[in-house]
Amino acid sequence: MSTEAAAVAAPAPTGAAPADRREASELGLREILREDFRRHYGSLAHPGLHVLAVYRLGQWRRTRRQPLRVVVTVAYKVLNNLVIRNLYGAELSEKARLGRRVHIGHHQAILVPPYCEIGDDCTLRYNLTIGYAGGSASLQDVARIGRRVELAPGVHLLGAITIGDDARIGPGSIVMTDVPAGSTVFAAPARVMRPPVR
C-alpha cells in the first residue's frame, strides 16, 4: 500500500470525520462536480460553477474511450470556446491542473494558462492573470499555487513562481517572486494628490 493510500485508509481520531486526501484526478466526474456545487453556495446558476463544470468535463473526457471521447470532446470544445471564453470571459486551459473545491467567486477576465497548478480550496476572483514573465518564457514557466490561497480582484501572477499554502494576495498585486506559506501580499496603497491651492 502506498503512503497516499495509507493516509486515506488511516483511521481518523475519535469523533472526527476521516480526511479525504484524494487528488482531484482521483475523483469521478459526479463526485467532483458535487464538491464544486457545494463550494459555489449550492447554486446551479453560479457562473463560477459553470466555468469549473466545463473544465472538469474536459478533464474527464481524457479518460474515456472512443467513440464517447470524440462526442464529449466536441461538446467540451463548443462549450469552452463559445460560452466560457466568449460569454463568461474566462480562459481556463484544459492543460492547467486545478485541485478540489476551487471557488471562482467572480468569473470575468480570468486567465489560467496551460501547466499552471492551483491547489485545493483556493479562491479566484475577477481580473486574474496567471501568465509568463516574458515572450521567451517556456510553457512551463507559470505559477504554482498552493492550497487555501485567496486571490483578490486584479491580481497578476507572472513567471515560474510558487505561492505557498494559505497565502493571501491582495487586490491589484503584481507578483513576480515566490510567496511563502501563510504570507499576505498587498499592492501599494493609493495616494491622494490634492489639487493645488489657489
*For Gly146 and Cys122, which heavy atoms make the closest approach, and how far apart are they?*
O-SG, 3.0 Å
*asked:* If I compare all heavy atoms of Ser173 with all of Val185, which pair ends up nearest, and what's the gap?
replied: OG-O, 3.8 Å
_How long is the straight-line distance from CZ of Arg56 back to CG of Leu98, given to the nearest 0.5 Å?_
6.0 Å
*With a 6.0 Å cut-off on ring centres, are Tyr41 and His103 close enough?*
yes
*Answer yes or no: is there a side-chain heavy-atom contact under 4.5 Å between Glu23 and Asp120?*
no
_Heavy-atom closest contact (Cys116 atom, Ile130 atom, distance)_ = SG-CG2, 3.7 Å
_Tell me if a side-chain donor or acceptor on Glu91 pairs with a main-chain N or O of Pro113 at a distance below 3.5 Å._
no
*Does a side-chain heavy-atom distance below 4.5 Å link Glu94 with Asn80?*
no
*Just wondering, do Tyr132 and Leu158 contact through their side chains at under 4.5 Å, heavy atoms?*
no
*May I ask you to check whether over 12 heavy atoms, not counting those of Tyr126, lie within 6.0 Å of atom OH?*
no
*Are any of the side-chain heavy atoms of Arg22 and Leu27 separated by less than 4.5 Å?*
yes
*For the residue pair Leu68 and Trp60, what are the closest heavy atoms and their distance?*
CD2-CH2, 4.1 Å
*Atom OG of Ser25 and atom CZ of Arg100: how far apart are they, to the nearest 0.5 Å?*
10.0 Å
*Got a sec, which pairs hit side-chain hydrogen bond (donor to acceptor under 3.5 Å, both in side chains) with one end in residues 174-198, sequence neighbours left out?*
none
*Any Arg101 side-chain heavy atom under 4.5 Å of Arg38 side chain*: no
*Under a 4.5 Å cut-off applied to non-hydrogen side-chain atoms, are Arg34 and Arg30 in contact?*
yes
_Donor-acceptor check, side chain of His156 to backbone of Leu128, threshold 3.5 angstrom: yes or no?_
no
*Is the backbone N or O of Gly131 less than 3.5 Å from a side-chain atom of Thr129, with the two atoms forming a donor-acceptor pair by type?*
no
*Below 4.5 Å, heavy atoms only, C-beta onward: do Val175 and Ile163 meet side chain to side chain?*
yes
*Please lay out, stage by stage, how Val142 and Val112 fare under the test side-chain contact (heavy atoms from CB on, under 4.5 Å).*
CA-CA 9 Å; Val142 293; Val112 180; over 6 Å; no
*Might you confirm whether atom CZ of Arg147 has over 12 heavy atoms from other residues, nucleotides or ligands at distances under 6.0 Å?*
no
*Heavy-atom pair of closest approach, residues Arg61 and Val72*: CB-CG1, 3.4 Å
*Heavy atoms, side chains only, cut-off 4.5 Å: are Asp36 and Val102 in contact?*
no
_Ignoring hydrogens and geometry beyond distance, is a side-chain donor-acceptor pair present between Arg39 and Thr123 at under 3.5 Å?_
yes
*Between atom CZ of Arg21 and atom CD of Glu26, what is the distance when rounded to the nearest 0.5 Å?*
13.0 Å
*Residue pair His40, Leu52: steps toward the side-chain contact (heavy atoms from CB on, under 4.5 Å) verdict*: CA-CA 10 Å; His40 288 84; Leu52 274 178; 3.4 Å; yes
_Distance (rounded to the nearest 0.5 Å) between Ile169 CD1 and Leu124 CG_ = 12.0 Å
_Residue pair Asp121, Arg148: steps toward the salt bridge (charged side-chain N to carboxylate O under 4.0 Å, His left out) verdict_ = CA-CA 5 Å; Asp121 303 300; Arg148 299 172 302 278; 5.1 Å; no
*Short side-chain to backbone donor-acceptor contact, His46 and Gly48, under 3.5 Å*: yes
*asked:* Nearest 0.5 angstrom please: Gln59 CD to Tyr76 OH, how far?
replied: 7.0 Å
*At their closest point, which heavy atom of Gly99 faces which heavy atom of Ala24, and how far apart are they?*
C-CB, 3.9 Å
*State the OH-CG distance between Tyr55 and Leu92, to the nearest 0.5 angstrom.*
6.5 Å
